[in-house]
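Down below is the structure, laid out as structure tokens.
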Amino acid sequence: MGYSSAKPSLNNCSEPEQVVRLRAQLLEWYGRMGRDLPWRRTRDPYAIWISEIMLQQTQVKTVLPYYQRWLAALPTVAALAAAELEAVLKLWEGLGYYTRARNLHKAAQVIVKEHGGVFPETAQQLQQALPGIGRSTAGAIASSAFGRCEAILDANARRVLGRLFAVGDPPARAEAKLWEISQRLVDPQAPHNFNQALMDLGATVCTARSPLCLLCPWQVDCLGRRSGDPTHFPVRPARAVRSEIAGVSVAIECQGKFLLVRRPERGLLAGLWEFPFVESVGGGEPEETVRVAFGNRLESLERLGQVEHEFTHRHLTAQVLRAQWIAAPAALPKVFDCREHTWQPPECWLKFPMPGYVHKICKLLKEALPKVSVD
DNA sequence: AAGTCGGGGTG
DNA sequence: CACCCAGACTT
């Protein structure tokens, strides 16, 4: 024991001096300035997994309330596996990228049924076995929950490391370099803290717009800062143009209940509920669009206004109409008949997982129908 | 390699 | 308003 410990650790002695210094500087900074976040107070792989999925393309501040509420409702992987998909989507409602919630549900069932309820412990196994876990999330879980020396490359790590080494390659080529750098730097003695520190540095100091280089533990080594403008690195991919979706949402009433339909299992807002939405035909009036879709099943069409909603790559404009249903209850147009649907009074709407733009419509309806409460 | 997929924070 | 965010998956 004394003999082997007298020998310097292989890692520390074989690593370049700069790597050893960068690790020490970052970890020292993390000890002083690191954020106190709830998923850092546990090593439960389930809780860490949930946090990592929620944090995909989503900022910490947004995630915090969702994380707390989720763990209170579904505290274990077994509870998640046994839950209804509807309940899972309801917990996720408003967080966006709903495929993440569907994959969490699927993956929980894989863990219970095919892995005896036990989490895979290596990054490779995590990524291969479980839907929704890519390379970076696998690295984050493996290092945070199981202490494995695995790299991450999220938006923070990409920006911090891209600046530190002034990686100016086109995005596709830079990716491989950045993974190499991340794997070379991650501290085998403290992979959890190192990766968390890397993300904190990106989130609080090495920010996208105006980095606070004078507070950075890596300011001396940073080639991006030395170059004059660290924000030139790394080069970001071009942004897709935003397309327009224009249509009509119809609040169809029948004996005090309104028709809700479930969106398809794939694509935009998959599996969430909405009032029947019909894309506009021609440049015509909303009444014409509704007539084409519903034929003579409706009467008393009434314009209630319109809602707009911004997605990352879509702009939605929905005219909102109210109408009375005068056909037989089961006589839905084919496009809606093939979907799951239900008639619900306003006080029951919020039991269903619905996207943001539908919440705006509910508010509009509440104002138009003051005698009924949407709460 | 390029598109798709939400909603909110921030300068 | 434009840009960005603890990315993964499909085509």
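Computed from a predicted model, the values in this text were never measured in an experiment. First the proteins, then the strands, lettered A, B, ... as listed; each starts at 1.
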| request: Assign A/R35 to base, sugar-phosphate, or nothing according to its heavy-atom contacts below 4.0 angstrom with the strands shown. | output: base
| Rounded distance (Å) that lies between atom C1' of C/dA8 and atom NZ of A/K106 | 12 Å
| query | Checking all strands, does A/A240 fall into the base, sugar-phosphate, or nothing category for heavy-atom contacts under 4.0 angstrom? | reply | nothing
| query | Does a nitrogen or oxygen in the side chain of A/R314 sit under 4.0 Å from OP1 or OP2 of B/dC5? | reply | yes
| task | Could you point out which residue of A/I141, A/L130, A/V63, A/L104 forms a side chain to side chain contact (heavy atoms under 4.5 Å, CB included) with A/I53? | result | A/L104
| request: Determine the Euclidean distance between corresponding C1' atoms of B/dG6 and C/dC3; express it in Å to zero decimal places. | output: 16 Å
| C1' gap between C/dT10 and B/dG7, integer Å | 22 Å
| task | Establish, from distance only, whether the side-chain atoms of A/E244 and A/T317 form a donor-acceptor pair under 3.5 Å. | result | no
| message | Regarding A/R242, tell me which of base, sugar-phosphate or nothing describes its non-hydrogen contacts under 4.0 Å with the strands shown. | response | nothing
| request: Please report, rounded to the nearest Å, how far the C1' atom of C/dA6 is from the NE2 atom of A/H192. | output: 12 Å
| task | Evaluate whether atom CD of A/E180 has more than 12 neighbouring non-hydrogen atoms of other residues, nucleotides or ligands under 6.0 angstrom away. | result | no
| task | Between C/dA6, C/dC5, B/dG6, spot the one nearest the side chain of A/E52, thanks. | result | C/dA6
| request: Name the nucleic acid region contacted by A/A208, choosing base, sugar-phosphate or nothing; use a 4.0 angstrom heavy-atom cut-off, strictly under. | output: sugar-phosphate
| Rounding to a whole Å, what distance do you find between A/R100:CZ and B/dT4:C1'? | 14 Å
| request: Would you please indicate yes or no on a ring centroid separation below 6.0 angstrom for A/W29 and A/W218? | output: no
| For A/W39, which contact category applies under a 4.0 Å heavy-atom criterion: base, sugar-phosphate, or nothing? | base
| note | Comparing A/N156 with A/R266, nearest DNA chain C nucleotide closer to 5' gives the residue A/N156
| Identified side chain to side chain contact (heavy atoms under 4.5 Å, CB included) partner of A/R163 from the options A/L223, A/D229, A/T231 | A/T231
| A/W70 side-chain N/O to A/I50 backbone N/O, donor-acceptor pair under 3.5 Å | no
| said: Can you pull out the residues from residues 144-153 of chain A that lie within a 4.0 Å heavy-atom distance of DNA chain C? | reply: none
| query | Under the 3.5 angstrom rule, does the side chain of A/K106 hit a backbone N or O of A/P131 as a donor-acceptor pair? | reply | no
Tabulate protein N/O versus nucleotide N/O from nucleotides 7-11 of chain B, keeping only pairs under 3.5 Å, one per line.
unit_1: B/dG7; atom_1: OP1; unit_2: A/Y98; atom_2: OH; d: 2.9
unit_1: B/dG7; atom_1: OP1; unit_2: A/G356; atom_2: N; d: 3.2
unit_1: B/dG7; atom_1: OP2; unit_2: A/H309; atom_2: NE2; d: 2.9
unit_1: B/dG7; atom_1: O6; unit_2: A/T312; atom_2: OG1; d: 3.0
unit_1: B/dG9; atom_1: O4'; unit_2: A/Q59; atom_2: OE1; d: 3.1

| message | Rounding to an integer number of Å, can you tell me how far A/L130 CG sits from C/dG7 C1'? | response | 16 Å
| Which is it for A/F233 and A/F165 under the ring-ring contact (aromatic ring centres under 6.0 Å, His included) test, yes or no, and what are the steps along the way? | CA-CA 9 Å; A/F233 309 97; A/F165 292 104; over 10 Å; no
| request: Could you please spell out the steps behind the side-chain hydrogen bond (donor to acceptor under 3.5 Å, both in side chains) verdict for A/E299 and A/Q324? | output: CA-CA 5 Å; A/E299 67 176 7; A/Q324 299 295 323; over 6 Å; no
| Do A/R239 and B/dA2 share a donor-acceptor pair, side chain to base, under 3.5 Å? | no
| field | Same apolar cluster (I L V M F W Y, side chains within < 4.5 Å links), A/L316/A/V250 | value | no
| task | Could you state the atom-to-atom distance from CG of A/L89 to P of B/dG6 in whole Å? | result | 11 Å
| said: Between A/T58 and A/R100, is there a side-chain donor-acceptor contact under 3.5 Å, judged purely by atom types and distance? | reply: yes
| request: Rounded off to whole Å, could you give me the CD1-to-P distance for the A/I53 and C/dC5 pair? | output: 19 Å
| message | Check this one for me: any side-chain N or O of A/R236 less than 4.0 Å away from OP1 or OP2 of C/dC5? | response | yes
| message | Rounding to an integer number of Å, can you tell me how far A/L198 CG sits from C/dA6 C1'? | response | 10 Å
| said: With rounding to the closest Å, how many angstrom separate the P atoms on B/dG9 and C/dA8? | reply: 23 Å
| task | Describe the nucleic acid contact of A/L316 in one word from base, sugar-phosphate, nothing, applying a heavy-atom distance below 4.0 Å. | result | nothing
| field | Closest-nucleotide 5' rank along DNA chain B - winner of A/A270 and A/A172 | value | A/A172
| request: Quick one: label A/V60 by what it contacts on the DNA or RNA (base, sugar-phosphate, nothing), any heavy atom closer than 4.0 Å. | output: base
| request: Using whole Å, report how far OH of A/Y67 lies from C1' of C/dA6. | output: 13 Å
| query | Taking the same atom, P, in C/dA6 and in B/dG11, what whole-Å distance lies between them? | reply | 13 Å
